[in-house]
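Okay, structure first, notes after.
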Amino acid sequence: MSATDAGAESPALMNTYGRLPVSFTHGDGVYLFDSEGRRYFDAIAGIGVNALGHSHPAVTAAITEQAGKLIHTSNLYHIELQRQLAEKLCAVAAMDNCFFGNSGAEANEAAIKLARLHGHGQGIKSPAIIVMENSFHGRTMATLSATGNRKIQAGFEPLVQGFVRAPYSDIAALENIAENNADVIAVLVEPLQGEGGVIVPHDGYLRELRELCDHQGWLLMLDEVQSGLCRSGHWFACQGEAVRPDVITTAKALANGVPISACLASGDAATVFAQGNHGSTYGGNPLACAAALAVINTMQEQQLATRAGELGARMQASFNEHLGDLELVTDIRGRGLMLGIELAVPCAELVVRAMQQGFLINVTAGNTVRLLPPLIMDDQQANELSEALITLIKDFAAAYSSRAAST
Ligand SMILES: *Cc1c(COP(=O)(O)O)cnc(C)c1O
């Protein structure tokens, strides 16, 4: 196979991904360029990772400067940049302390271990964590066991025990579990579900969760791997309901693509881990921390939380205006620049159609167009994206109804 055969898979790679037949050579802001020089508007941003777009000068400078000084030393030693990042991240998240890993799944592993240790500290021998239907928490054994999607679990049994499943956005179901299960010590939940189809819970859900957890003595643990770091229109989505959880996990946008994640804790949860309880060789290394500091500083300087909220509201309004009346469009939803357009039929083919027109989008849960564009879009780019999506979905709806009419 030749090196230019960008559309084909190598037998040297395990066959875990169904990939689109394109490969990119470089990026600039919201745009990616393929090996033939074609330009694409990246409206999925590496699955919510490239919040500052591609080749952001502040991130590039931080990485290149740090790479020339020091990449890794391990947590056998103090790491000055890790200390700075922890303080900065805790400040914007209003949390007390944090642990750094390298992926979203690892951040959730830390949260799950923290909750179990907390439970054992209370004399509960078999502590249980409530998790939601339709959730996504990662692909490691504990996180896929916590995930509410059988497709992700199938074939990997035996699953990790100690999870109790409940419907999303349903407080009564949790009250019912509280009455019947004395082993519950925590709730792990996404403030809005990403992979599950950009599902937004009812207003007040997080506040009600906070009250219930306080009443039961449970830890409230929010998986903000996707919704965190300005994406939802707030630094963290929980701030939209003025809720302070016991644990927040975050990852995707943290270093704009350099692998790093964090498990943040507040109050009693912040004192659960002691030396030797958890660790990671790479976690919070100087290179990743330098990149993450550049990201957080840029998000602060450019007030990207507010910006994401405004742009997202504008885009949703535009989708509502132009797509809301289509029979095929069943829902338009999201928070900030985490947007979903749900159709009445499976619509995975839209990804290919959009790509042919120079737009990279994603379809999740089979029938929901998901947008996670870079937060640094300017007004004109946001309009360009909205207009392209509206045309794409209108054309799809028209083709669908004429197909339906001819059969
Ligand atoms: C992406 C994601 C994860 C997993 O992150 P990885 O970095 O792929 O391990 C976990 N939780 C949520 C909500 C996510 O969106």
Side-chain angles (χ1 to χ4, degrees), residues 14 16-17 19 44-51 93 98-115 129-149 151-153 156 160 163 168-169 186-201 205-206 209 220-232 234 236-238 245 247-264 280 282-284 288 291-292 295 334-340 362-365 368 370-373 375:
M14 286 193 190
T16 54
Y17 298 107
R19 300 176 200 262
I44 189 66
I47 321 183
V49 167
N50 302 104
C98 66
F99 174 88
F100 291 110
N102 312 284
S103 66
E106 280 177 75
N108 286 332
E109 286 278 343
I112 292 163
K113 285 180 68 176
L114 186 155
I129 300 171
I130 297 178
V131 290
M132 302 301 155
E133 291 170 5
N134 197 49
S135 61
F136 182 77
H137 299 295
R139 301 283 197 150
T140 61
M141 278 312 307
T143 58
L144 76 83
S145 302
T147 290
N149 181 343
K151 275 196 219 152
I152 283 171
Q153 299 173 336
F156 301 109
V160 173
F163 296 106
Y168 190 57
S169 193
V187 179
L188 173 63
V189 57
E190 294 158 272
L192 58 162
Q193 293 183 329
E195 303 305 302
V198 195
I199 309 295
V200 181
Y205 179 54
L206 298 180
L209 273 175
L220 176 57
M221 309 203 295
L222 297 183
D223 180 345
E224 297 230 28
V225 168
Q226 190 162 149
S227 59
L229 295 160
C230 302
R231 170 77 46 201
S232 74
H234 302 273
F236 289 89
C238 56
V247 171
I248 297 176
T249 58
T250 198
K252 287 190 164 90
L254 186 49
N256 215 51
V258 179
I260 183 170
S261 66
C263 172
L264 299 102
S280 164
Y282 294 136
V295 167
R335 290 269 185 273
L337 287 175
M338 190 165 167
L339 295 165
N362 175 249
V363 167
T364 187
T368 302
R370 175 172 55 161
L371 303 177
L372 297 169
L375 311 182

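All ligand and atom numbering here is 1-based and tracks the order in the structure. Residues take their numbers from the sequence shown, with the count starting at 1. Bear in mind that the values here come from a model prediction, so they are computed numbers and not experimental data.
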For ligand 1, what N or O to protein N or O distances fall under 3.5 Å?
unit_1, atom_1, unit_2, atom_2, d
ligand 1, 7 (O), G104, N, 2.8
ligand 1, 9 (O), G104, N, 3.4
ligand 1, 9 (O), A105, N, 2.8
ligand 1, 11 (N), F136, O, 3.3
ligand 1, 11 (N), D223, OD1, 3.4
ligand 1, 11 (N), D223, OD2, 2.8
ligand 1, 15 (O), Q226, NE2, 2.7
ligand 1, 15 (O), K252, NZ, 2.6

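Although no hydrogens or angles enter the test, the distance criterion places no donor-acceptor pair under 3.5 Å between the side chain of N149 and the main chain of N134. In terms of modelled atom types and a separation under 3.5 Å, the side chain of R231 and the main chain of L337 share a donor-acceptor contact.
With hydrogens and angles left out, the side-chain atoms of N102 and S261 include no donor and acceptor closer than 3.5 Å. Between the side chains of T364 and E195, no donor-acceptor pair of N or O atoms lies under 3.5 Å. Residues Q226 and Q193 have side chains that never bring a donor and an acceptor to within less than 3.5 angstrom of each other. Looking at N108 and D223, their side chains do bring a donor and an acceptor atom within 3.5 Å of each other.
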